[in-house]
Amino acid sequence: MNPSPLVDPARLADHLVRVIPGFAGPVTVTGFTTGQSNPTFRLDTPGGSFVLRRKPPGVLLKSAHAIEREYRVQRALAGSAVPVPEMLHLCEDDSLIGSPFYVMRLVPGRSFTDPALPDLAPGERAALYDAMNAALAALHAIDLEAAGLGDYGAPGDYISRQTDRWTRQYRQSETGEEPDMERLIAWLAANRLPPDDTRTLVHGDWRIDNMIFAADGPGLAAVLDWELSTTGHPVADLAYQVMQWRLPPGEDTRGLAGLDRARLGLPSDADYVAAYCARRGLPDLPDFPVFLAFSFFRMAAILQGVKRRSLDGNGANPERGVRMGALVPLYARLGLEAVHAG
């Protein structure tokens, strides 16, 4: 983490003292180097620690960086089977720090960026993966109306709707032609799934580095980064997590490709999908390759946006943003491989 020039600590403290009961300064603000979309900061005070997430500065794509939605969905999930941080304050006035932001309580625990979990024993790895699987099934069992999220996303035809949305986002962020991305976009357009009214809450970025685990066991303490959450088809979340594992290992890709998962205590794609289906009472998923291809496509579009913001000088970590944007061709190629293999 680094001291942040993007937030004035004194001005921020003056505001938070007025709106969060018991909050008291002074505040030390440090920026997390992870999180390319919405800049995230740790706030340390004499009375405790908090986290602030804000929209990035500069011109933003329409509907992107929706921190207001992040705040809303996490408030709605408080006390549910899906653990989330405690939401404390949403500020939609961009005059205070230059963009809307929200503040939540810092959740202590363990964070992991490498899905291979190299520092854990095989049994511990298996337990953490099972906890993620159980939480994903619990998320998709949330009663939207009872949670006050019945209007959180558009109904029906999720993959077609999202494909159209992310194609538009990709076109607005393009910095050069990517042949495999064009082929993947064309394949998704030509192979749309029949309309399906299945509709649950979906996280949109379900992966191990968006979670905090208990300090002393496999329990899941909090699920983070709800920017891409909406209502839609639950298999999209499942396919997105499996997609991550098909990437090569490494700091930027953080995948499991080529690793001996059985020896490491990590589930195979098929076993993880089967465990999820058993928890949800679902049959086989014959359309899974389509969801998988869509996941690769959407992530490629997201990374293209990260690259464009970094080139424009608006990225949280510009050097890493450009490096991540260079992975767009890889995601597109793997998306095409997913559909041809399926």
J.: Do the ring centers of F294 and W187 come within less than 6.0 Å of each other?
T.: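 No, the ring of F294 stays outside the 6.0 Å limit from the ring of W187, centre to centre.
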J.: Please walk me through it: do E68 and E92 pass side-chain contact (heavy atoms from CB on, under 4.5 Å)?
T.: CA-CA 8 Å; E68 301 89 350; E92 297 180 270; 3.6 Å; yes
J.: Does R298 make a cation-pi contact with Y240 (under 6.0 Å, within 45 degrees of the axis)?
T.: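 Flagged: R298 positioned over aromatic ring of Y240.
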J.: Working to the nearest 0.5 Å, report the span between CG of L117 and CD1 of I208.
T.: 4.0 Å
J.: Rounded to the nearest 0.5 Å, how far apart are CG of D209 and OG of S111?
T.: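 D209 CG to S111 OG: 9.0 Å, rounded to 0.5 Å.
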J.: Walk me through it: do D44 and S49 pass the test side-chain hydrogen bond (donor to acceptor under 3.5 Å, both in side chains)?
T.: CA-CA 5 Å; D44 289 303; S49 297; 2.5 Å; yes
J.: For D252 and R323, what are the C-alpha separation, side-chain angles and deciding distance, and is it a salt bridge (Lys or Arg N to Asp or Glu O under 4.0 Å)?
T.: CA-CA 8 Å; D252 292 331; R323 196 168 72 242; 2.6 Å; yes
J.: Group every Ile, Leu, Val, Met, Phe, Trp and Tyr by side-chain heavy-atom contacts under 4.5 Å, then state whether L106 and Y102 land in the same group.
T.: yes
J.: Under the criterion salt bridge (Lys or Arg N to Asp or Glu O under 4.0 Å), I'd like the reasoning laid out for R110 against D119: C-alpha separation, chi angles, the key distance, then a yes or no.
T.: CA-CA 12 Å; R110 296 179 296 166; D119 296 328; over 6 Å; no
J.: H89 vs H15 aromatic rings, parallel, tilted or perpendicular, using cut-offs 30° and 60°?
T.: tilted
J.: Roughly how far apart are W166 CH2 and M299 CE, rounded to 0.5 Å?
T.: 9.0 Å
J.: Honestly curious: do L334 and L256 fall in one hydrophobic cluster under the side-chain, below-4.5 Å linking rule?
T.: yes
J.: Between I302 and L224, is there shared hydrophobic-cluster membership here, with clusters defined by ILVMFWY side-chain heavy atoms closer than 4.5 Å?
T.: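 As far as the 4.5 Å side-chain criterion goes, L224 and I302 are not connected within one cluster.
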J.: Indicate if I212 and L88 have the same hydrophobic cluster label, given that clusters are the connected sets of ILVMFWY residues with side-chain heavy-atom separations under 4.5 angstrom.
T.: no
J.: Side chains of Q241 and W245: donor-acceptor distance under 3.5 Å anywhere?
T.: no
J.: Distance only, no hydrogens: is a donor on one side chain within 3.5 Å (strictly under) of an acceptor on the other, for S99 and R54?
T.: yes
J.: Please determine whether salt bridge (Lys or Arg N to Asp or Glu O under 4.0 Å) holds for the pair D312 and R308, giving the CA-CA distance in whole Å, both sets of side-chain angles, and the decisive distance to 0.1 Å.
T.: CA-CA 6 Å; D312 290 345; R308 181 59 180 266; 3.4 Å; yes
J.: Below 4.0 angstrom, N of the basic side chain to O of the carboxylate: do E178 and K307 qualify?
T.: no
J.: Which residue, H203, R53, R207, forms the side chain to side chain donor-acceptor pair (under 3.5 Å) with D225?
T.: R53
J.: Under a 3.5 Å cutoff, is there a donor and acceptor pairing between the side chains of S229 and Y152?
T.: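 Side chains of S229 and Y152: pair found under 3.5 Å.
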J.: Looking only at the aromatic ring of each residue, does the gap between the centers of H140 and Y276 stay below 6.0 angstrom?
T.: yes
J.: If you measure from the Lys or Arg side-chain nitrogens to the Asp or Glu carboxylate oxygens, is any gap between R11 and D14 under 4.0 Å?
T.: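 So R11 does not pair with D14 through a salt bridge.
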J.: So, for H233 and F291, is the gap between ring centers shorter than 6.0 Å?
T.: yes
J.: Cation-pi check, R42 to F50: give yes when NZ or CZ is under 6.0 Å from the six-membered ring centre and within 45° of the ring axis, no otherwise.
T.: no
J.: Which is it for N38 and E70 under the side-chain hydrogen bond (donor to acceptor under 3.5 Å, both in side chains) test, yes or no, and what are the steps along the way?
T.: CA-CA 11 Å; N38 288 329; E70 284 194 20; 3.2 Å; yes
J.: Dump the intermediate steps for salt bridge (Lys or Arg N to Asp or Glu O under 4.0 Å) on K55 and D94, then the final yes or no.
T.: CA-CA 9 Å; K55 291 188 178 185; D94 62 6; over 6 Å; no
J.: side-chain hydrogen bond (donor to acceptor under 3.5 Å, both in side chains) for T175 and Q304? Distances and angles first, verdict last.
T.: CA-CA 8 Å; T175 53; Q304 184 63 40; 3.0 Å; yes
J.: Do S268 and D271 have side-chain atoms, one donor and one acceptor, less than 3.5 Å apart?
T.: yes
